[in-house]
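Numbers for residues simply follow the sequence, beginning at 1.
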Amino acid sequence: MKYTTNNPRQLAVMTLVRTSNGSYSNLQINAVIQSTSMGPADKGLFTNIVYGVIQHRLTLEYQLRPFLREPEKTETWVKELLYTAMYQLEYLDRVPKRAIFDETIKIAKQMGHDGTRRFVTGILHQMDRQGMPNLDDIQDEKTRLSIEYSVPTWLVEMLEVQLGKPKTASILASLNKAPKQSVRANLSKISQRDLLADLAKAGFDAEPSQVASEGIIINDGQIIHSDFFTDGLLTIQDESAMLPVESMSIAPDNNVLDACSAPGGKTTQIASRLKTGKVFALDIHKNKLKTVQRNATRLGVYKQVETFELDARKVDTKFEDRLFDAILVDAPCSGLGLLRRKPEIRYDKTVADINRLSEIQLQILNAVSAKVKTGGTITYSTCTIVKQENQDVIAKFINENPNFEVAKTKTAKNLNSDSEMVQIYPDDYDSDGFFVCSLIRKS
């Protein structure tokens, strides 16, 4: 799509309208950045506003409501424009109020007409005089937490039941922090230590991950545009997402099944440990397997990767029993551990989705269980933080498959010293929420 403006605030409004209609924010943001000639500062402001409004949407909706006489008659783009102004006023310290007002009013006229300009001007000045509604006035505690942290009430309730009020409040408070820029060293080409040294020489502010042995946090600099990325010395991956493969015992000659592989972060992580062995990467979407192949090629591990367009629940149609030394089931899940990186997930998911996904997760585990050798391990992981998709799925699987048992999941930094399974919450290390469990086939 071609854009007739390079104004980051106007582009933010246009992008927010699309995401409110169901488009993924990260894809829309990337498309806009690639299709316009914004400078680095404007790209940063544009991205910040889009993610910020999505993250704080329930808060902003609550605060705008008293200023709209007929909310249902106000056009969507006008509301999104007002949300962008409110977000800048409340959450961005370095942007002067006058600049926010002037730009917002100008966009109102450009995208609408003089009547829209007057309408937006009136609301901005009314907000300035009266101030925003106080969230502390909300009497019901769960409703207040829902609006304050912009998450649905059902999720607040579920987390409080499973984790208690203090932990829930801590998780919710962490969700709207900016995500860290995390990368994984490609061990088939370079060690984490050597990569850290080379990054420092190149001027990157980088430090080792507290979570994963191959992880590096880039505190300053856009690593994705660097030669380190292009040359396949590293790949973008959250620290927590590195743990499932880190916990697997993989020998260089092993055959490994990655049952749900796209976009390939864990597939290529497995491949970096192989020499004569192979990782067989499955996914139900052919186009997503192309991403797996591109990542494997960039990282130089394509000879160790073989892709198959296949639903993991139908592995019987393709593979013999007891064929694999190890299996990874990074199961499709609600993604509730990713709310920092994919903020719109919080508004899309429902309790019904969680229940449906937990059934699919168990079906995948049951389907692949016959494909691992006796003494081999199935590593089950999700990027969610609710028990229905994690501990409950494991309990049901063990109940239905007594020839398996839970073994202690081992991580390099011993993150689960008091538990057999690994459960990382978003507030533990400011990384993604993740769950990992190791299942050994006894007979």
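With sequence neighbours left out, the salt bridge (charged side-chain N to carboxylate O under 4.0 Å, His left out) criterion links Lys314 to no other residue. Looking at residues two or more places apart in sequence or on another chain, you find no ring-ring contact (aromatic ring centres under 6.0 Å, His included) involving Phe67.
Side-chain contact between Phe435 and Val393: absent, with no pair of heavy atoms (C-beta onward) separated by less than 4.5 Å. Using a 4.5 Å cut-off on side-chain heavy atoms (C-beta onward), Val78 and Phe119 make contact. Between Thr379 and Val329 the shortest side-chain heavy-atom distance does not fall below 4.5 Å. Looking only at side-chain heavy atoms (C-beta outward), His56 and Met86 stay at 4.5 Å or farther from each other. Contact check for Ile216 versus Leu234: no side-chain heavy atoms found under the 4.5 Å cut-off.
The existence of a salt bridge linking Glu344 and Arg57 is excluded, since no basic side-chain nitrogen approaches an acidic carboxylate oxygen closer than 4.0 Å. With salt bridges taken as basic N to acidic carboxylate O contacts below 4.0 Å, none links Glu61 and Lys79. Under a 4.0 Å N-O distance rule, the pair Glu246/Arg273 does not qualify as a salt bridge. With respect to Asp137 and Arg144, no salt bridge is recorded, no charged nitrogen being found less than 4.0 Å from a carboxylate O. Ion pairing of Lys142 with Asp140 is absent here, as no side-chain N (NZ or NE/NH1/NH2) approaches a carboxylate O to less than 4.0 Å. Between Lys318 and Glu309 there is no salt bridge, since no side-chain N of the basic residue sits under 4.0 Å from a carboxylate O of the acidic one. Between Asp238 and Lys180 there is no salt bridge, since no side-chain nitrogen of the basic residue lies less than 4.0 Å from a carboxylate oxygen of the acidic one. Ion pairing between Asp325 and Lys373 holds under the 4.0 Å rule for side-chain N and carboxylate O.
Without hydrogens or angle criteria, Ser226 side chain to Ile223 main chain gives a donor-acceptor distance under 3.5 Å. Judged purely by atom type and a 3.5 angstrom limit, Glu389 has no side-chain atom pairing as donor or acceptor with the backbone of Thr382. At distances below 3.5 Å, not a single donor-acceptor pair connects side-chain atoms of Thr47 with backbone N or O atoms of Gly44. No side-chain donor-acceptor contact under 3.5 Å links Ser417 to the backbone of Asn414. No side-chain donor-acceptor contact under 3.5 Å links Asp353 to the backbone of Ser334. Looking at Asn399, its side chain never comes within 3.5 Å of a backbone N or O of Ala395 through a donor-acceptor pair. In this structure, Ser35 contributes its side chain and Val32 its backbone to no donor-acceptor pair below 3.5 Å. Ser261 places no side-chain N or O within donor-acceptor distance of the main-chain N or O of Asp258, the cut-off being under 3.5 Å. Within the 3.5 Å criterion, the main-chain N or O of Asp432 finds a donor-acceptor partner in the side chain of Ser240. For the pair Lys349 (side chain) and Gly335 (backbone), a donor-acceptor distance under 3.5 Å is absent.
Side-chain contact annotation: Glu103 with Asn7, donor-acceptor N/O pair under 3.5 Å present. Judged by distance alone, the side chains of Tyr380 and Asp330 never bring a donor and an acceptor atom under 3.5 Å apart. Between the side chains of Gln388 and Asn355, not a single donor N or O lies within less than 3.5 Å of an accepting N or O. A donor-acceptor contact closer than 3.5 angstrom is absent between the side chains of Arg441 and Ser369. One side chain, Thr307 or Gln293, offers a donor N or O that lies under 3.5 Å from an acceptor on the other. Residues Arg18 and Thr15 have side chains that never bring a donor and an acceptor to within less than 3.5 angstrom of each other. Residues Ser247 and Thr411 bring no donor and acceptor atom of their side chains to less than 3.5 Å of each other. In the model, Arg346 has no side-chain atom that pairs as donor or acceptor with a side-chain atom of Gln55 under 3.5 Å.
Within 6.0 Å of NZ in Lys288 there are 12 or fewer heavy atoms belonging to other residues, nucleotides or ligands. The local environment of OH in Tyr347 is crowded, with over 12 non-hydrogen atoms from other residues, nucleotides or ligands closer than 6.0 Å. Around the NZ atom of Lys73, the shell of radius 6.0 Å holds no more than 12 heavy atoms that belong to other residues, nucleotides or ligands.
Taking the centre of each ring, Phe308 and Phe319 come in below the 6.0 Å mark. Centroid-to-centroid, the aromatic rings of Phe101 and His125 come within less than 6.0 Å. Between Phe280 and Phe324, the distance separating the two ring centers is shorter than 6.0 angstrom.
Within the cation-pi definition used here (under 6.0 Å to the ring centroid, within 45° of the axis), Arg298 qualifies as a partner of Phe229.
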